[in-house]
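This is a predicted model, so every value here is computed, not measured. Naming convention: chains lettered A, B, ... in sequence-line order (proteins, then strands); numbering from 1 in each chain.
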Protein chains: 2
Amino acid sequence: MEHRAATVEKAIDVLFHLHDRPEPWGVSDLGRALDLPKSSVHRLLVSLRRRGLVESDERGRYRPGIALLALGLGVLDREPLVAAARPVLESEAAELAETFFVVALRAGKLTVLDKVEGTGFLRAAPRVGSTVPVHVTAVGKLYLAHAPSALGSAAEVDAEPAAEAVADGERERELALTRKRGYAENLGEWIDGLAVLAAPVFAHGKLVGAITTAMPMTRLAHMEKKSVADRVMAAAARVCARMEGREL
Amino acid sequence: MEHRAATVEKAIDVLFHLHDRPEPWGVSDLGRALDLPKSSVHRLLVSLRRRGLVESDERGRYRPGIALLALGLGVLDREPLVAAARPVLESEAAELAETFFVVALRAGKLTVLDKVEGTGFLRAAPRVGSTVPVHVTAVGKLYLAHAPSALGSAAEVDAEPAAEAVADGERERELALTRKRGYAENLGEWIDGLAVLAAPVFAHGKLVGAITTAMPMTRLAHMEKKSVADRVMAAAARVCARMEGREL
DNA sequence: AACCAGCGTTCTGATATATGGAACACCGCG
DNA sequence: CGCGGTGTTCCATATATCAGAACGCTGGTT
C-alpha cells in the first residue's frame, strides 16, 4: 500500500493547517509552514477554493470554506449512534442540568460525536469532533474493559511513560470493577477538577460507544454518585434499545 | 487562472459523491459514477483515508470520515456571527417555541449557519450547512433589498424562468417595503405551508447575515404577525449589538 | 516621493508523479 | 468448479506538478 496521491495529501495538509490556526493565512506563510513552494500552495488553494473547501478574502488570505461544514455535518447524519442518542442526551441533560455526550471509536481514536451542554456557569464543554486519550478517561477505561482489541495499537500510541504509572494489578482490578458495575469513572485523572461517568452502549453484543456525563468534581460530591451512575447507565440502555429499534 | 490541481479536485469530487449518497460505496461503483478508472479512484481513496477524510469497512467500501466533522465544526467556530447569534437564537426559540436560525452569504450562496429548533411536533428543521435559493426566500429578499451587489451573479444563477414571473414593478415594491419596515417575509412561496420572517443583521453598516424564524403558516395565522416580526427584528438587533461588543 | 520589502499571482522548462489498462487475489453464487 | 464480481497492485507512458524566478501590486520606510 504505497501507492498514494501525494498531491491530495498535501492539499489536505493545507486544509488541516488552516483548521488548526484560527486566523486567515497567506500563500507565502503557508508555504513556509508546510515547507512547500509558493506556487504549489497557490495551485492547491485554487482547486480547494473551486470546490468551496477554502475561501479567500480580497487580500488573498485563505481560511476554511463552508463546504466543509456540510461535509462534516453529513458525517454526523449517517451515524446511527448519534441519531439514537440525541433525544436521550437532551432529556438527561435537561433533567440533571449537566453536560451529556456520546463518544465512540472512529478511525482508531475516541471521538466526541455529539453533546448537549448543561446549564451551569461552570460546565463541561467538550468539542464535537475532538478526540480524547484512552488511558486517563472514563470512556477509555470502558473500551479497555470491554473491547481492548478494538483500540488496536491506539492504546500504546498515547501511552506516555505514565507519569503516575499505575501498577498493572491495580489497573486490571479497576477494569474488572468497570465490567462488573456497568460504568466507568474518571475523577480528575485527565483534567483536574473534572468528574466523568461513562456507561457502555452495546449493539449486537459489541461495544459501539459510550454515553457520558461530565461535571465539576465539587458538584458530583454534593450528589449521590451511585444515583448519577444509574442515570447514565439507564440512558445508555435507552440508546441501545433505540438503536435496536425496540423503542421509539 | 487555469492552473489548478486536477488530482485534488478529483479527490474532492469523490468526497462529495460519498457525501451526497448515504450508503457506503465501492471503488468500482465510484469509478463508474465519476467516470474515473478504478485504480485512480483507489489511489485517491488511499490518500483520503490516510488523513481520515474517508473511512473504509473491512469489505473495502468507503464512507466519509470523522476528520471531516472536526474540519466542518471548525468552520462554525470561526464565524463571529454564529458566536454572537447562538444565545439569542436559544432564548428566542425557547420563548416562542419555534425554530430560529441564522443565514448568511458564504461563497456566493445563502447558507444556513446555525439553528435552534422549536418544540412543535410539526416544526421547521433546516439543515445547518445547506443552502437556500435567493428569489423565493425571506433571506433572499433581504439581500436583494439591502445588498444586491453582494449576491453577484448568484442572483441570476438560480433565477429559473420564473414559473410565477412576478412583475418587476411588483418585485421592486416588495423590496422597498422590506427596507422600510425592517424585515422580509416569505409566506409559502418557497415551501408550501411554510412561513418565514427574516430580519437583517448589520455590522459596520454592511449586511452580514439574517436572523430568521420559520413555522407552519397555520401557526403564524394564529399569532399577531407584527409581534412576531418585532421579535425577529429585536433579536437581529441584539445579535448586531453583540457583534459590535456593545452587549455581553 | 522614491524606495524597498513583502505580498499573491503567473509563467517556465525539467522532472517527478499521476495515469489507466492489465493482471492479481479474493469472494459469493450457480 | 467456473464465472462474474469485487478491491487491490503493478508498471511503462505521458502528463501534470514542481521550484524558482519574474510579474504587478500594496503598505511602510527612508
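Within the 4.0 Å cut-off from OP1 or OP2 of C:dT9, at least one side-chain nitrogen or oxygen of A:H42 is found. B:R43 has a side-chain polar atom (N or O) that falls below the 4.0 Å cut-off from OP1 or OP2 of C:dT19. Proximity of B:T7 to the phosphate of D:dA16: no side-chain N or O atom is located under 4.0 Å from OP1 or OP2. The phosphate of C:dG20 (OP1 or OP2) has a side-chain N or O of B:S40 nearer than 4.0 angstrom. For the OP1/OP2 pair of C:dT9 and a distance below 4.0 Å, the side-chain nitrogens and oxygens of A:R59 include no atom meeting the criterion. Distances shorter than 4.0 Å separate none of the side-chain N or O atoms of B:K38 from OP1 or OP2 on C:dA22. Using a 4.0 Å cut-off, some side-chain N or O of B:R32 falls inside it from OP1 or OP2 of D:dT6. Between A:Y62 and C:dC7, a side-chain N or O to OP1/OP2 separation shorter than 4.0 Å is absent.
At distances below 3.5 Å, not a single donor-acceptor pair connects side-chain atoms of B:R106 with backbone N or O atoms of A:A67. The closest donor-acceptor contact from the side chain of A:T213 to the backbone of A:T99 lies under 3.5 Å.
The side chain of B:V27 has D:dT8 as its nearest neighbour among C:dT9, D:dT8, C:dC7. When distances are taken from the side chain of A:P37 to each of C:dA18, D:dC18, D:dG7, the shortest belongs to D:dC18.
Salt-bridge check for A:E174 with A:K141: passed, with a basic side-chain N closer than 4.0 Å to an acidic carboxylate O.
Side chains of B:S56 and B:R49: a donor-acceptor N/O pair is present below 3.5 angstrom, by distance only.
Between the CD atom of B:E58 and the C1' atom of D:dG7 there is a distance of 13 Å, rounded to whole Å. Distance, A:L36 CG to D:dA19 P: 7 Å, rounded to whole Å. Counting to the nearest Å, the P atom of C:dG8 and the CG atom of A:L44 are 15 Å from each other. Rounded to whole Å, atom P of D:dC18 lies 13 Å from atom CG of A:L34. Here D:dT8 presents its C1' atom at 10 Å from CZ of B:R49, a figure rounded to the nearest Å.
When the nearest nucleotides of DNA chain D are assigned to B:A5 and B:G26 by heavy-atom distance, the more 5′-ward of the two goes with B:G26. Checking A:K10 against A:S28, the closest nucleotide of DNA chain C that is more toward the 5' end is the one next to A:S28. In terms of position on DNA chain C, the residue among A:D29 and A:V8 whose nearest nucleotide sits closer to the 5' end is A:D29.
Between the side chain of B:S39 and the base of C:dG21, a donor-acceptor pair under 3.5 Å is found.
Once rounded to the nearest 0.5 Å, the distance linking CG of A:L44 with OH of A:Y62 reads 10.5 Å.
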